[in-house]
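Have a look at the structure below before the remarks.
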2 protein chains.
Amino acid sequence: MFDYFSKEKSDFLGKKDKSKKGCVDEGIKEIIIAINSKKGYYTTSSCAGRIVLLERLSGRKNESNWLFSSHNKIKFNEIKNHLKNQIKNEIWLKQEPLILHVRCSGLKSAKKLLDISRKIFRRAGIISLSEKKIVVEIIGSERIDAIIADKNFIADENYLKNLVKYTNRNFEENKRKSEKFLKIIRSNL
Amino acid sequence: MFDYFSKEKSDFLGKKDKSKKGCVDEGIKEIIIAINSKKGYYTTSSCAGRIVLLERLSGRKNESNWLFSSHNKIKFNEIKNHLKNQIKNEIWLKQEPLILHVRCSGLKSAKKLLDISRKIFRRAGIISLSEKKIVVEIIGSERIDAIIADKNFIADENYLKNLVKYTNRNFEENKRKSEKFLKIIRSNL
């Protein structure tokens, strides 16, 4: 029988990376390699976790611009620099955890990845379940979503310094859990 | 053939509510009724969305206490009152969206609920996929996770007032989407 999944997988992995700038990074490479080395799986999108300054434009469409995006811990001044000019819209500091989308060859392989992932990350689930496309989404737990400025206010330096401290702590915790996840993937998937 | 799922469903729904205090509320009742009125589904846990003050105890175990929990919009003074005494641990303000766990009778029913839910809530997925237990988790999008105090600092009043404003806005947005979700469940599930 022709192995459609393996054909799709090699086609997909042969394509150039189309991910949005700012979200391909070293931190998640080993996890991607480990998953793609297993027969019934391939990753379709990923982010190791990042720290972002988001400008949210008004209106219901939830449009937003990135002012800043980092795949490393951040410094207070990096944030401060973005608050110097006149502020017209809401600015949010977000620390986002690992996110991975993994295509699976069948229900059995999806269930296996799901069960392994949920040992470390509570936010793992099958988000697509059509016959031709089964996708597991894995999302880390640590996150921060804090408003830091809008046209009428800017958080003071003391607040921002503390927020940066906790943002960096969560970033490290996400990294620690991702390393644990890598070990489990390698040995159990 | 004996209908195990319907038996489980009536047993479960006949039991008393075991949910943790502070998370059974009017806002989600109609959604629960709508889902439970459909043959292949029953809800096992739910929260309409809430605003919480969380005291996070130190150490790696991620233990935490709730200082305050609301299923309505909040007032600045409600938060302020909790910051008057000596602060020993981290205090976080969290605005959490709707969360629902739904048991499904089979893969087909799970897929249907998943596809409907994902039209409104991006964080919907199958989190359990054993033969006897298929569960869809649905989580709203709006959230805030902001540090507001620890033993060394307290966010100033101006920051807190603005944070409360955005917390309430997100709370309303979660409510609006939940109403939209209810309509879709009623007509399409």
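Chain naming here is simple, since letters A, B, ... match the order of the sequence lines and numbering starts at 1 in each.
In this structure, the portions of A:R143 lying under 4.5 Å from any heavy atom of chain B include both its backbone and its side chain. With a threshold of 4.5 angstrom between heavy atoms, B:A124 approaches chain A through N, CA, C or O but not through any side-chain atom. For A:L114, the part lying under 4.5 angstrom from a heavy atom of chain B is the side chain only. Contacts between A:S128 and chain B at a heavy-atom distance below 4.5 Å involve the backbone alone (N, CA, C, O).
Every residue meeting the ring-ring contact (aromatic ring centres under 6.0 Å, His included) condition with B:Y166, not counting sequence neighbours, appears here in chain and number order: A:W92. Checked against side chain to side chain donor-acceptor pair (under 3.5 Å), B:T43 has the following partners two or more places apart in sequence or in another chain: B:N36.
In this structure, the separation between CG on B:N170 and CD1 on A:I147 is 9.5 Å, given to the nearest 0.5 Å. The distance from the OH atom of A:Y159 to the CG atom of B:D156 is 10.0 Å, given to the nearest 0.5 Å. To the nearest 0.5 Å, atom CG of residue B:L129 and atom NZ of residue A:K112 are 14.5 Å apart. Taking CG of A:D115 as the reference point, atom CD1 of B:I127 lies at 11.0 Å (rounded to 0.5 Å). To the nearest 0.5 angstrom, A:R169 atom CZ is 4.0 Å from B:E90 atom CD. Note that the CG atom of A:L107 and the CD1 atom of B:I126 stand 8.0 Å from one another [nearest 0.5 Å].
Criterion: ILVMFWY side-chain heavy atoms under 4.5 Å apart, direct or through other members. Under it, B:L53 and B:F76 are part of a common hydrophobic cluster. No chain of hydrophobic side-chain contacts below 4.5 Å, direct or via other Ile, Leu, Val, Met, Phe, Trp or Tyr residues, connects B:I116 to B:V135.
Residues B:R123 and A:I139 have side chains in contact (heavy-atom distance under 4.5 Å, counting atoms from C-beta outward).
Here salt bridge (Lys or Arg N to Asp or Glu O under 4.0 Å) pairs that include residues 76-85 of chain A, with residues two or more places apart or in two chains, are A:K80-A:E157.
A salt bridge links B:D150 to A:K165: one of the charged nitrogens lies within less than 4.0 Å of a carboxylate oxygen. Between B:R122 and A:E137, no side-chain nitrogen of the basic residue sits less than 4.0 Å from a carboxylate oxygen of the acidic one, so the salt-bridge criterion is not met.
For A:K175, the NZ atom is loosely surrounded, since the number of other residues' heavy atoms within 6.0 Å does not exceed 12.
Of all residues in residues 179-187 of chain A, none places a non-hydrogen atom less than 4.5 angstrom from a non-hydrogen atom of chain B.
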